[in-house]
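Report on one structure; see the data block that follows.
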Amino acid sequence: MTTTGKRTTDCRAPVLALVLAVALASTPPALAGDAAVEHAQLAALARQLDLIDRLAEHVASTAPQERTRYHFDYARLHQDIERIRQGLHDYLTPQRAQPRDPVELLGDYRQSNRPSDEEATQ
């Protein structure tokens, strides 16, 4: 709480999003024709995803138990990280020449604890 009696907000979720953005942006694009460099950079990206996933698990386990109206959906973030990790693995160790399963990421990690107006009328 602040000195004015207002509750301070928890900044762990924005920090996690910032770490994810920095990790994904920190790997420079590979030079065309240099597959070894690209392979090394993608392997580094996979390790960074592992780190981000572990950080998210830690933040989720230490998150306050009180429920506010909105909270960060760590399970959905884990699913997206796992999907990216699987895509990197499939690319680095391909079983066939063509990419597979072009399903989009889920995104939208904010959930509401209150029923929406649409759900309440049903």
* Asked: Do Tyr91 and Gln86 have a side chain donor and acceptor closer than 3.5 Å?
  -> no

* **All side chain to side chain contact (heavy atoms under 4.5 Å, CB included) counterparts of Leu55, not counting sequence neighbours** => Leu16, Val19, Val59

* Look up atom CD in Glu38 and atom CD in Gln41, then write down how far apart they are to the nearest 0.5 Å. => 7.5 Å

* **Straight-line distance of Glu57 CD to His78 NE2, nearest 0.5 Å** => 6.5 Å

* Asked: When clusters are formed by joining ILVMFWY residues with side-chain heavy atoms under 4.5 Å apart, either directly or through shared neighbours, do Tyr70 and Tyr74 land in the same one?
  -> no

* Structure fact -> CG (Asp53) and CD1 (Ile81) are apart, to the nearest 0.5 Å, by 4.5 Å

* Asked: What heavy-atom pair brings His39 and Leu92 nearest, and what distance separates the two atoms?
  -> CD2-CD2, 3.3 Å

* Calculate, to the nearest 0.5 Å, the distance between atoms CG and CZ belonging to Leu51 and Arg47 respectively. => 11.0 Å

* What is the distance from atom CG of Leu45 to atom CZ of Arg85, rounded to the nearest 0.5 Å? -> 10.5 Å

* Is there a donor-acceptor pair closer than 3.5 Å between any side-chain N or O of Thr93 and the backbone N or O of Asp90? -> no

* Nearest 0.5 Å please: distance from the CG atom of Asp73 over to the CD atom of Gln79. => 7.5 Å

* Asked: Is NZ or CZ of Arg76 both nearer than 6.0 Å to the six-membered ring centre of Tyr109 and within 45° of the ring axis?
  -> no

* Where do Leu77 and Ala56 come nearest, in terms of heavy atoms and distance? -> CD2-CB, 3.9 Å

